[in-house]
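Both backbone and side-chain heavy atoms feed into the values below; hydrogens, waters and symmetry mates do not. Atoms within each ligand, like the ligands themselves, are counted from 1 in listed order.
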Amino acid sequence: MSAELLSTQPYKGARDFYPEDMELRNWFLGKVRDVLTLSAYDEYNAPMLESLDIYVAKSGEELAKKQTYNFEDRGGRKVAIRPEMTPSVARLVAARLQQLNMPLRWYSIPNLYRNEQPQRGRLREFWQINADIFGCNSYEADLEIIRVAIDMLLCFGADESMFVVRINNRRFFNDVIAKICDMSGEDARLVSKVIDRREKVTREAYVASLVELGLTDEKIAKLDALYTMSVDEATAICPESEGAQELQRLFEDLRALDLEKYCIFDFGIIRGLDYYTGTVFEVFDKHPENTRAMFGGGRYDNLVGLFAKNAQLPGVGFGCGDVTLQNFLECHGLIPEEYSKKIKVLITRFDDVPFVNYSKIANELRANGIMCTTYIGTKKFGKQIDYASKEHFSHVVIMGGTELENGEVKIKDLDAHEETTVKLGDIVEYFNR
Ligand code: HAM
């Protein structure tokens, strides 16, 4: 009786990356890295395991308590697999607060785990592009971080018909709730949670939750009006609010930089994480198949204070998931066919030529930066060519006994279906032409 075979499937909500999947992901993350590097962001990283406490403190109940994988280690420590990067980066910054030169611009692309129900745009393991600025409490840092998020999509050839940045401000939000609903503190926080979930529940459920929190029809109607207001209309409700002034300045500059066409004020953007204190934003794909947010971010002024006594170091940043970004690129046709096109050479072999002759050609090509390998195995010539085209080699080099005697090779361009005879000493030149 044979033993039961183990499954070849990856863990639920996680993905295997076969070479072609890695190639695609490396391509688009490579472009993202270029954008971040061009804007002078430095890369950092941190361990995948962190103390559970750093999420319980500020990340919000849903993420810390429901979605974080955690366990107790041998020393009795409560350990979490990171569900986000922001508490980790705040910890790194707090540990070197005295030495670091502010403002900092840092980025990282960690893999994160969240125990969510897998669905389109949301998995249990994903990679998240994080970009953050520390040490600047002006709206200028908010403006920069939003500009970087937009640049990350423009670099793929996206335009304003494909995505929108929805922007709000937590301080403004709190001031409006105080004015319209006469609520502050915990009551206001509960209202914000209902508004945050507004687009995920039915209208009836949304209204019922607000009524339960004591809001009258009149107050609910006033909130409704806010969801469709422009930034000027909304901020006029509470012009004395510092958050309103920040929003106004931010939108004025977005306009001046011709970035307003990608952005919209949206009173319904709250962000589920508890640490945000000022500007908050999410980037949405306009494609109807991709309904989940692509980026989420904002300003958090007190996170570093969790780790360093009396430290008040402002931060602002965003996270963008690789799953939603890939869906976005695929749905809008932004992955060029030739993204993986490169010179990749296979040296085919014949039995009547010593193998080292092939190895020498391959060594010379590699020494000149040309991707190359020799065929290893015993298949006939035709099968070697089949292998080359299935493995996406762009060229094959052919040298039988006759070519060896004449000091030459044949080079077959598999895409152009052309064959050229080249002197042994001119092979590198052929590929560099
Ligand atoms: P977040 O809104 O929880 O924010 O996540 C940001 C982005 O990560 C989402 O918009 C989405 O693209 C992606 N994401 C989140 N959960 C999943 C999932 N289960 N599967 C696939 N992608 C997902 C944060 O994490 C903040 N720490 C971002 C931040 C950085 N704020 C300031 N700096």
Task: Per-atom contacts, ligand 1 versus Phe295 - under 4.0 Å to a heavy atom - done: 10 (O)
Task: Residues Arg166, Glu199: salt bridge by 4.0 Å N-O rule - done: yes
Task: Nearest neighbour in protein (non-hydrogen) for atom 16 (N) of ligand 1 - done: Arg114 NH1, 3.2 Å
Task: Atoms in ligand 1 with a heavy atom of Asp132 nearer than 4.0 Å - done: 30 (C), 32 (C), 33 (N)
Open item on the list: Is there a polar contact between ligand 1 and Tyr300, counting only N or O atoms under 3.5 Å apart?
Closed with: no
Task: Tyr276 neighbourhood, listing ligand 1 atoms whose heavy-atom distance to it stays under 4.0 Å - done: 26 (C), 28 (C), 29 (C), 31 (N), 32 (C)
Open item on the list: Residue-level breakdown please: for Glu116 versus ligand 1, do any non-hydrogen atoms fall below 4.0 Å on the side chain, on the backbone, on both, or on neither?
Closed with: side chain
Open item on the list: To the closest 0.5 Å, what do you measure between CD (Glu364) and CD1 (Ile427)?
Closed with: 6.5 Å
Task: Close-contact set for ligand 1 against Leu273 heavy atoms, below 4.0 Å - done: 4 (O), 24 (C), 26 (C)
Task: Glu144 bridged to Arg105 by N-O distance under 4.0 Å - done: yes
Open item on the list: Tell me the closest heavy-atom pair linking Val304 and Ala311, and the distance in Å.
Closed with: CG1-CB, 4.3 Å
- [ ] Please report which non-hydrogen protein atom sits nearest to atom 1 (P) of ligand 1, along with the residue it belongs to and the distance in Å to one decimal place.
- [x] Arg271 NH2, 3.6 Å
Task: For Glu84, atoms of ligand 1 separated by under 4.0 Å from a heavy atom - done: 25 (O), 26 (C), 27 (N)
TODO: Give the numbers and elements of all ligand 1 atoms closer than 4.0 Å to a heavy atom of Asn130.
DONE: 30 (C)
Open item on the list: Between ligand 1 and Met294, is the shortest N or O to N or O distance under 3.5 Å?
Closed with: yes
- [ ] Using distance alone, determine whether Gly321 and ligand 1 share an N or O pair under 3.5 Å.
- [x] yes
Open item on the list: Cation-pi check for Tyr300 against Arg271: NZ or CZ below 6.0 Å from the six-membered ring centre and within 45 degrees of the axis, yes or no?
Closed with: no
Open item on the list: Below the 3.5 angstrom mark, is there an N/O of Ala293, backbone or side chain, next to an N/O of ligand 1?
Closed with: yes
- [ ] Write out the residue and atom name of the closest protein heavy atom to atom 22 (N) of ligand 1, then the distance separating them to 0.1 Å.
- [x] Phe126 CD1, 3.4 Å
TODO: With heavy atoms of Gln128 as the reference, note each atom of ligand 1 found under 4.0 Å away.
DONE: 5 (O), 6 (C), 7 (C), 8 (O), 24 (C), 25 (O)
Open item on the list: Here's one to test your reading of the geometry: is the NZ or CZ of Arg349 within 45 degrees of the ring axis of Tyr358 and under 6.0 Å from its centre?
Closed with: no
Open item on the list: Salt bridge check, Glu391 against Lys344: does any charged N sit closer than 4.0 Å to a carboxylate O?
Closed with: no
Open item on the list: Tell me whether Glu72 contacts the main-chain N or O of Val79 through its side chain, where contact means a donor paired with an acceptor under 3.5 Å.
Closed with: no
Task: Spacing of CZ belonging to Arg25 relative to CG belonging to Leu29, to within rounding of 0.5 Å - done: 6.0 Å
TODO: Consider every N or O of Leu123 and every N or O of ligand 1, then say whether any pair is closer than 3.5 Å.
DONE: yes
TODO: Closest by any non-hydrogen atom to atom 26 (C) of ligand 1: pick that one out of Tyr275, Trp127, Phe318.
DONE: Tyr275
TODO: Would you check the N or O atoms of Arg124, main chain and side chain alike, for any that come under 3.5 Å of an N or O of ligand 1?
DONE: no
Task: Phe281 touching ligand 1 at heavy-atom level, < 4.0 angstrom - done: no
Task: Sub-4.0 Å heavy-atom approach of Gly121 to ligand 1 - done: yes
Task: Among Phe265, Tyr276, Phe267, the one residue meeting ring-ring contact (aromatic ring centres under 6.0 Å, His included) with Phe173 - done: Phe267
- [ ] Please identify which atoms of ligand 1 are closer than 4.0 Å to at least one heavy atom of Gly319.
- [x] 6 (C), 7 (C), 28 (C), 29 (C), 30 (C)
Task: Arg203 bridged to Asp224 by N-O distance under 4.0 Å - done: yes
TODO: Any chance you could measure Leu143, atom CG, to Phe251, atom CZ, to the nearest 0.5 Å?
DONE: 11.0 Å
TODO: Verify the ring-centre separation between His332 and Phe163: is it less than 6.0 angstrom?
DONE: no
